[in-house]
*Asks:* 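Mind looking over this structure? Questions follow.
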Amino acid sequence: MNLTLEALQILDTIDRKGSFAAAAVALDRVPSALTYSVRKLEEDLDVLLFDRRGHRAKLTTAGLELLTEGRHLLQAAQELERRVKRTATGWEVELRIVVDSIISFESLLPLINAFDQENVGTRLRISHETLSGVWEALLHDRADLVIGAPYNVPDSMRMSGGFQTRPLGSIEWVFAVAPGHPLQAATEPLTASVIQQYRAIAVGDSGRVLPSITSGLLSGQDTLTVPSIPAKLQAQLNGLGCGHLPRWLAAPYLASGALIEKKTVEAKPSDRTQIAWRTPAVGKCLKWFIGRLSDPATQRALLGSPAGSPAPVLPHLASIDHA
């Protein structure tokens, strides 16, 4: 059987142009060559592919089935050709980016749009992890780049080497409760012993192998563990518990009265975050993102800081806690 990509291309062009003559012009071939190729394919397959009784070349049922499936092969071949060319020029076929759940996907959209303007064809695969799960994705080669990784790098990551980090910025937290929560009327600043009496809302660590990062939760405190920062916000808005939220995320709810800010004796320090990637960084796409993520404006957008306001930088490593 002589079913080739060239034969499928001929069938596709004839169907789109409506005639053998028009297809021959489009393919820069003589009509007799196309007629021969189609007849040879029909003989090899032992089926009639075109109904030639009218003025327009019309596919038979068998021909339509062949072309429908054949177009998938043509598209796959074209994509393979593009991928080979991208690889030869240093652009990756795909870049896997894992983002800590503290970073909203919406804040990534301008960055993705800017990358699209490069028109290089690299596919982006973006997923969310939380706390040690971010490091785990890098350690187990499920990510080429991580954004918003906690500063307290797990010991196994430090020992493994093979990755590089760069500061991203800091996130300011606010302790908040919903109106009607018992802590709303409690005397400020709240002590740890008072807070401990009420359920905390915490974002679960998505790591499966590395030790979980849970510092910040009070010993013996009841906890409702949720899958993401947006879920934590909703739980606290519904009065299901208390805890810290990124100030930028809580701000509109604090302004409207849907959340109440409470001062605490031990204020949660601003968490420093970073980006990390496997070394050496050889791909042009990875280098492009590393460069853009070093831009202060991009960092502020990702971390929710107001435009023109530098995110605070702490002199010492901050403990990581999404509670």
Side-chain angles (χ1 to χ4, degrees), residues 5 8-9 12 69-150 153 157 160-169 206-208 210 228-230 273-305 307 311:
L5 291 175
L8 291 173
Q9 185 182 38
D12 174 63
E69 296 301 317
R71 278 174 172 153
H72 296 310
L73 296 177
L74 288 174
Q75 291 173 358
Q78 291 168 359
E79 175 58 23
L80 177 59
E81 182 179 345
R82 288 192 292 267
R83 289 168 59 185
V84 169
K85 290 180 178 178
R86 285 198 298 271
T87 302
T89 58
W91 290 96
E92 302 92 322
V93 173
E94 179 179 82
L95 187 73
R96 301 165 301 168
I97 302 174
V98 169
V99 185
D100 189 277
S101 64
I102 199 68
I103 308 288
S104 70
F105 179 72
E106 287 77 10
S107 68
L108 289 171
L109 296 178
L111 191 62
I112 297 171
N113 183 63
F115 179 70
D116 285 346
Q117 305 310 308
E118 299 293 326
N119 195 31
V120 296
T122 299
R123 294 195 300 263
L124 301 179
R125 182 181 296 272
I126 300 174
S127 58
H128 270 115
E129 295 285 350
T130 304
L131 299 171
S132 72
V134 177
W135 287 116
E136 207 168 277
L138 194 62
L139 179 64
H140 294 163
D141 196 23
R142 299 197 308 272
D144 304 301
L145 171 69
V146 297
I147 303 175
V153 183
M157 287 293 295
S160 71
F163 69 94
Q164 188 172 344
T165 65
R166 183 171 295 175
L168 180 63
S206 65
R208 296 173 178 83
L210 296 176
S228 65
I229 289 291
T273 61
Q274 57 192 330
I275 64 171
W277 61 93
R278 304 181 68 84
T279 55
V282 295
K284 290 183 178 180
C285 181
L286 177 56
K287 291 179 179 178
W288 186 94
F289 273 91
I290 292 171
R292 284 302 183 101
L293 290 168
S294 300
D295 174 57
T298 300
Q299 294 174 348
R300 287 194 296 269
L302 291 178
L303 298 177
S305 299

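Quick caveat, the model's predicted, so the values are computed rather than measured.
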*Asks:* Check whether the side chains of Thr130 and Ser101 place a donor and an acceptor atom closer than 3.5 Å, and report yes or no.
*Replies:* yes
*Asks:* Are the side chains of Arg292 and Leu111 in contact, using a 4.5 Å heavy-atom criterion?
*Replies:* yes
*Asks:* Do Ile126 and Ile112 have side chains that get closer than 4.5 Å, going by heavy atoms?
*Replies:* yes
*Asks:* What is the minimum heavy-atom distance between Ser294 and Ile290, and which atoms define it?
*Replies:* OG-O, 2.9 Å
*Asks:* Can you check whether Val120 reaches Phe115 side chain to side chain, under 4.5 Å on heavy atoms?
*Replies:* yes
*Asks:* Is there a side-chain contact between Thr298 and Leu293, using heavy atoms and a 4.5 Å cut-off?
*Replies:* yes
*Asks:* Give the minimum heavy-atom separation between Gly207 and Ser132, together with the two atoms involved.
*Replies:* CA-OG, 3.6 Å
*Asks:* So, for Trp135 and Thr165, which heavy atoms are closest and what is the spacing to 0.1 Å?
*Replies:* CH2-CG2, 3.9 Å
*Asks:* Measure the CD-CG distance between Glu136 and Leu138 for me, rounded to the nearest 0.5 Å.
*Replies:* 11.0 Å
*Asks:* Sequence neighbours left out, what passes salt bridge (charged side-chain N to carboxylate O under 4.0 Å, His left out) with Asp12? Give chain and number order.
*Replies:* Arg16, Arg71
*Asks:* Kindly indicate, with the supporting measurements, whether the criterion side chain to side chain contact (heavy atoms under 4.5 Å, CB included) is fulfilled by Arg142 and Val98.
*Replies:* CA-CA 8 Å; Arg142 299 197 308 272; Val98 169; 5.7 Å; no
*Asks:* State, to 0.1 Å, how close Leu168 and Gly148 come at their nearest heavy-atom pair, and which atoms those are.
*Replies:* CD2-N, 3.8 Å
*Asks:* Return the minimal non-hydrogen interatomic distance between Gly283 and Glu92, and the atom names on each side.
*Replies:* CA-OE2, 3.1 Å
*Asks:* Just verifying a value: how many Å separate Ser104 OG and His128 NE2, rounded to the nearest 0.5 Å?
*Replies:* 7.0 Å
*Asks:* Hey, could you give me the CZ/CG distance between Phe289 and Leu108, rounded to the nearest 0.5 Å?
*Replies:* 8.5 Å
*Asks:* Counting only N and O atoms by type, is there a donor-acceptor contact under 3.5 Å from the side chain of Gln117 to the main-chain atoms of Asn113?
*Replies:* yes
*Asks:* List in chain and number order the residues that pass salt bridge (charged side-chain N to carboxylate O under 4.0 Å, His left out) with Asp141, two or more places apart in sequence or in another chain; answer none if no residue qualifies.
*Replies:* Arg96, Arg278
*Asks:* To the closest 0.5 Å, what do you measure between CD1 (Ile147) and CD1 (Ile102)?
*Replies:* 14.0 Å
*Asks:* Look up atom NE2 in His72 and atom CG in Leu8, then write down how far apart they are to the nearest 0.5 Å.
*Replies:* 11.5 Å
*Asks:* Could you tell me whether the side chain of Val134 reaches within less than 4.5 Å of the side chain of Val99, counting heavy atoms only?
*Replies:* no
*Asks:* Tell me the ring-ring contact (aromatic ring centres under 6.0 Å, His included) pairs involving residues 93-114, sequence neighbours left out?
*Replies:* none
*Asks:* Minimum heavy-atom separation for Leu145 to Trp277, with atom names?
*Replies:* CD1-CB, 4.2 Å
*Asks:* What distance separates Arg166 CZ from Gln274 CD, expressed to the nearest 0.5 Å?
*Replies:* 11.5 Å
*Asks:* Any donor-acceptor pair under 3.5 Å linking the side-chain atoms of Glu129 with those of Ser206?
*Replies:* yes
